[in-house]
Student: 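Dropping the structure in here first, questions after.
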Amino acid sequence: MPSHSDLCTRQSLRQQLRQRRRELSPRHQQQASMAALRQLLKRPEFRRARHVAVYLPSQGELPTLPLIRHCQQRHKHCYVPVVSPKQKHMTFVHYRLGHTLRRNRYGIGEPNPLRRRRADSLDMVIVPLVAFDRQGNRLGMGGGYYDRCFARRRQRDQRSNKPLLVGWGYSFQQTDHLPTARWDVPLDAIVTDREWIACAG
Ligand SMILES: Nc1nc2c(c(=O)[nH]1)N(C=O)[C@@H](CNc1ccc(C(=O)N[C@@H](CCC(=O)O)C(=O)O)cc1)CN2
Ligand SMILES: Nc1ncnc2c1ncn2[C@@H]1O[C@H](COP(=O)(O)OP(=O)(O)OP(=O)(O)O)[C@@H](O)[C@H]1O
């Protein structure tokens with residue numbers, strides 16, 4: 001279990017980094033997301049991926065629009081998270097640019113959840129980050145949605161490595177060492193505006 005001081009660190013880190021994200025200019029956000037896309041395009045893991053989950057950004061998160069556009073041009077299927085806040089449950093739903101969106105309880109757009117895809121049949125999941133370290137530990141918005149959804153990935157005897165969990169964030173979101181929690185699911189890699197970081201796992 002994380003100690004009380006670890007929990008305080010997580011909470012204050014979350015606040016600081018969310019604030020910093022919100023203050024970024026739209027131009028800075030767009031440039032950073034183009035730079036991150038260039039890093040991702042170099043990776044064979046991404047070129048091979050057919051079914052890719054992304055997220056629809058909110059409050060200064062690193063944008064995903066150029067990535068979604070690229071996926072559509074290459075005939076990759078995109079999916080975005082749809083949450084059930086009461087059950088703290090998350091599923092992935094097929095998404096194309098232009099689909100009608102409804103705002104969820106957090107103000108984040110979600111498509112009509114008709115075409116769901118099982119999380120373990122996705123090839124790659126682009127994971128939103130508030131903070132990360134180079135070991136692949138991640139701090140998110142605090143709902144625990146990704147950790148619950150991919151809890152099976154923590155089991156070492158998982159035969160399949162699917163899906164590849166790839167964090168997507170600004171390089172300033174890197175911290176030296178994040179205190180981890182028992183339920184945290186480590187990332188396989190992280191893409192920032194500067195680099196692709198392969199995590200040890
Ligand atoms: N763009 C995006 N979509 C995503 C996530 C994400 O991090 N980014 N999620 C990643 O898990 C899930 C949503 N998780 C979220 C969890 C908390 C808050 C949030 O703003 N919490 C408020 C409290 C609001 C409340 O409880 O009603 C806060 O912390 O101020 C937002 C999203 C699924 N979709
Ligand atoms: N596999 C799980 N089973 C049950 N509860 C879980 C699980 N994973 C996370 N949780 C709960 O979710 C809460 C939030 O976890 P945490 O602070 O790590 O969220 P986060 O990773 O920042 O959020 P998110 O994944 O939504 O971006 C924790 O209080 C934890 O109890």
Side-chain angles (χ1 to χ4, degrees), residues 32-57 61-83 89-96 111 115-141 143-171 173-175 178 180-201:
S33 75
M34 293 298 295
L37 178 60
R38 283 194 290 275
Q39 297 297 331
L40 188 63
L41 294 185
K42 294 182 199 163
R43 307 303 308 181
E45 301 89 330
F46 176 69
R47 283 194 234 121
R48 280 195 298 267
R50 307 302 328 150
H51 297 275
V52 180
V54 298
Y55 62 85
L56 296 175
E61 286 177 320
L62 184 61
T64 51
L65 181 62
L67 169 58
I68 297 173
R69 221 185 266 130
H70 175 92
C71 287
Q72 288 190 191
Q73 284 162 0
R74 296 299 158 101
H75 306 290
K76 296 179 194 290
H77 299 279
C78 281
Y79 304 81
V80 296
V82 168
V83 294
H89 186 254
M90 177 171 80
T91 55
F92 288 97
V93 174
H94 191 256
Y95 174 69
R96 283 185 67 80
R115 291 179 62 193
R116 295 171 192 259
R117 191 170 177 97
R118 278 176 49 155
D120 61 5
S121 71
L122 294 163
D123 298 314
M124 182 177 279
V125 177
I126 298 293
V127 181
L129 304 170
V130 174
F132 66 91
D133 66 23
R134 297 184 77 87
Q135 284 70 53
N137 300 309
R138 142 179 198 276
L139 188 66
M141 295 292 274
Y145 289 102
Y146 280 85
D147 292 330
R148 273 194 205 83
C149 187
F150 296 104
R152 288 182 54 205
R153 281 292 310 270
R154 281 200 318 262
Q155 296 163 9
R156 283 199 176 275
D157 59 347
Q158 268 287 127
R159 255 179 298 157
S160 148
N161 236 10
K162 262 171 86 164
L164 207 66
L165 301 180
V166 179
W168 184 254
Y170 301 96
S171 44
Q173 291 174 291
Q174 182 176 319
T175 59
L178 270 183
T180 55
R182 176 173 38 84
W183 55 79
D184 281 339
V185 180
L187 300 166
D188 298 305
I190 297 154
V191 184
T192 73
D193 43 319
R194 296 222 179 118
E195 59 183 329
W196 164 279
I197 302 165
C199 304

Student: Closest heavy-atom contact between Glu61 and Pro128?
Tutor: OE2-CB, 3.7 Å
Student: Check for a donor-acceptor pair, side chain of Gln39 on one end and backbone N or O of Arg194 on the other, with a separation under 3.5 Å.
Tutor: yes
Student: Taking the side chain from Thr64 and the backbone from Tyr55, do they hold a donor-acceptor pair closer than 3.5 Å?
Tutor: yes
Student: Show the nearest heavy-atom pair for residues Ala49 and Met124, with the distance to one decimal.
Tutor: CB-CB, 4.3 Å
Student: Going from OH on Tyr146 to CG on Leu165, what distance comes out if it is rounded to the nearest 0.5 angstrom?
Tutor: 9.5 Å
Student: Dump the intermediate steps for side-chain contact (heavy atoms from CB on, under 4.5 Å) on Leu40 and Ile126, then the final yes or no.
Tutor: CA-CA 11 Å; Leu40 188 63; Ile126 298 293; 4.2 Å; yes
Student: Run the side-chain contact (heavy atoms from CB on, under 4.5 Å) test against Arg48 and tell me which residues pass, sequence neighbours left out.
Tutor: Pro44, Glu45
Student: Check whether any side-chain N or O of Arg47 sits under 3.5 Å from a backbone N or O of Lys42 as a donor-acceptor pair, and report yes or no.
Tutor: yes
Student: Rounded to the nearest 0.5 Å, how far apart are CZ of Arg43 and CG of Leu41?
Tutor: 11.5 Å
Student: Please step through side-chain contact (heavy atoms from CB on, under 4.5 Å) for the pair Leu62 and Val191, ending with a clear verdict.
Tutor: CA-CA 11 Å; Leu62 184 61; Val191 184; over 6 Å; no
Student: Calculate, to the nearest 0.5 Å, the distance between atoms NZ and CG belonging to Lys76 and Asp123 respectively.
Tutor: 8.5 Å
Student: Answer yes or no: does atom CZ of Arg50 have more than 12 heavy-atom neighbours from other residues, nucleotides or ligands under 6.0 Å?
Tutor: yes
Student: Please report the shortest heavy-atom distance between Leu37 and Trp168, naming the atom on each side.
Tutor: N-CH2, 3.6 Å
Student: Could you report the tightest heavy-atom contact between Leu139 and Leu178, atom names first, then the distance?
Tutor: N-CD1, 3.7 Å
Student: Please test Val166 against Asp188 for side-chain contact (heavy atoms from CB on, under 4.5 Å), starting from the C-alpha separation and ending with a verdict.
Tutor: CA-CA 6 Å; Val166 179; Asp188 298 305; 5.6 Å; no
Student: Could you state the interatomic distance from NE2 (His51) to NE2 (His94), rounded to the nearest 0.5 Å?
Tutor: 8.5 Å
Student: Is there a donor-acceptor contact under 3.5 Å from the side chain of Asp133 to the main chain of Thr175?
Tutor: no
Student: In terms of heavy-atom contacts, does CZ of Arg74 have more than 12 from other residues, nucleotides or ligands at under 6.0 Å?
Tutor: no
Student: So how far is it from Arg96 CZ to Cys71 SG, rounded to the nearest 0.5 Å?
Tutor: 11.0 Å
Student: Tell me whether the rings of Tyr79 and His77 are parallel (<30°), tilted (30 to 60°) or perpendicular (>60°).
Tutor: tilted
Student: Side chain of Arg134, backbone of Cys199: donor and acceptor closer than 3.5 Å?
Tutor: no
Student: For the backbone of Val185 and the side chain of Asp147, can you confirm whether one donor and one acceptor N or O come within less than 3.5 Å of each other?
Tutor: yes
Student: For a quick test of reading the model, state the closest non-hydrogen atom pair linking Pro163 to Leu122 and the distance between them.
Tutor: CB-O, 3.1 Å
Student: Do Arg116 and Phe92 pass the side-chain contact (heavy atoms from CB on, under 4.5 Å) test, and can you show the C-alpha distance, the side-chain angles, and the key distance before you say yes or no?
Tutor: CA-CA 6 Å; Arg116 295 171 192 259; Phe92 288 97; over 6 Å; no
Student: Considering all heavy atoms of both residues, which atom of Gln173 and which atom of Leu129 are nearest to each other, and what is their separation?
Tutor: NE2-O, 2.9 Å
Student: Is it the case that the side chain of Asp193 and the backbone of Tyr170 share a donor-acceptor pair, with hydrogens and angles ignored and the cut-off at 3.5 Å?
Tutor: no
